[in-house]
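One structure below.
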Protein chains: 2
Amino acid sequence: MRMDELDAAIVRQLQDDARQTNRELARRLGIAPSTCLERVRSLRERRVILGYHAQISSAALNRGVEAFLSVRIRPKSRTVIDSFKAAVIDLPEVVAVYVVAGDEDFVVHVAVQDLDHLHAFLTDQLAKRREVVSFRSQIIYQSTEKQVREVLAAP
Amino acid sequence: MRMDELDAAIVRQLQDDARQTNRELARRLGIAPSTCLERVRSLRERRVILGYHAQISSAALNRGVEAFLSVRIRPKSRTVIDSFKAAVIDLPEVVAVYVVAGDEDFVVHVAVQDLDHLHAFLTDQLAKRREVVSFRSQIIYQSTEKQVREVLAAP
DNA sequence: ATTGAAATCCACTTGTA
DNA sequence: TACAAGTGGATTTCAAT
């Protein structure tokens, strides 16, 4: 289950470009294509690589406005938490749901076409729920995402 | 630049699995492989598809603890905003940086090995910066991400 | 585990409508 | 714009180390 330097390099490469050919990947790492293929297969089986996803322009999907909504709910019982999470993730405006510790209980990442739709979502979908005590909005002006590199364990 | 139903279907498929072969993709959509290839190429050229990325298990990368840090800075000048953003994105603990409107100015998504490292990051890296007025932490217990589907424009 | 070689499969181009 | 067929190249398997 442990990752060596080669696994880490493969992971870095595939995070950067998941569609590069196996040959190209092998060449960059200085190993044989068959070895590379076996490594990648193992990483998938060990659930180090969880999947391969195309990154899509939000604007092209007609979702020009994104926001984080930090939501406080009550009561904080498992059933209420689970049902809120399940209901919210199914809404088409929602991109991601995070259960968090802090002032609020959830962070909901939404992506909508414009500010009107954001407002409509807040009032018609979120505020209407009885378990929602309060929420806070953070409209996203810019976002920068990075590759996640392995943290080396102490030797 | 406009997307039709076929483009939307391709985008959905590649969000789900970016490594499926062009033939497989074509078969699912009921079109010829050459047609499919041309469509995908066009989507890349039009910057609808921005890239292809492997999704990696945080735990496998030795980053078992994730958090959102909402940060207030001062002054809110462009130079300070830009330099804070540039400095923070380069820190290895940081996964993503969002410039936001709301109570705070930034949301910083971090992924670290454990709570000790989170605390060290907050005190040694974040709180030390002179432009940081205050911040708020939300530790992520669970996260659920979704596919983003196209919002259809009104006909 | 890693490899080279063989066999299968696919990407990409071209030609046609 | 869509398709079918062809070719060069890639993926994948496997025997050997």
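Each chain gets a letter, A, B and so on, in the order the sequences are listed, and its residues count up from 1.
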Min side-chain heavy-atom separation V107(B)-L69(B) under 4.5 Å: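 Of all side-chain heavy-atom pairs linking L69(B) with V107(B), none is under 4.5 Å.
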R63(A) vs Q113(A) side-chain heavy atoms within contact, under 4.5 Å: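 When only atoms from C-beta onward are counted, Q113(A) and R63(A) do not touch, as no gap falls below 4.5 Å.
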Validation row, ring centre Y98(B) to ring centre F68(A) under 6.0 Å: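 For Y98(B) and F68(A), the ring centres are under 6.0 Å apart.
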R12(A) atom CZ, neighbour heavy-atom count above 12 within 6.0 Å: yes
Any T35(A) side-chain N or O less than 4.0 Å from OP1/OP2 of dA1(C):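 Checking T35(A) against dA1(C): no side-chain N or O falls below 4.0 Å of OP1 or OP2.
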Modelled atom types, side-chain donor and acceptor of E93(B) and H117(B), under 3.5 Å: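 No donor-acceptor contact under 3.5 Å links the two side chains.
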Rounded distance (Å) that lies between atom P of dA1(C) and atom CG of D7(A): 11 Å
Whole-Å distance separating the CD atom of E38(A) from the P atom of dT3(C):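 Whole-Å distance recorded here is 12 Å.
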5' to 3' contact window, DNA chain D with chain B (heavy-atom distance under 4.0 Å):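 With heavy atoms of chain B under 4.0 Å away, the range is dA2(D) to dA4(D).
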Smallest separation among heavy atoms of E104(B) and V71(B), with atom names: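 Taking every non-hydrogen atom into account, CB-O, 3.3 Å.
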Protein proximity profile, nucleotides 11-16 of chain C - base contact B, sugar-phosphate-only contact S, no contact -, cut-off 4.0 Å on heavy atoms: BBB---
Basic-acidic side-chain contact under 4.0 Å: D103(A), R72(A):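 R72(A) and D103(A): not salt-bridged.
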Inter-residue atom distance I73(B).CD1 - E131(B).CD, 0.5 Å rounding: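 So the gap between those two atoms works out to 6.5 Å.
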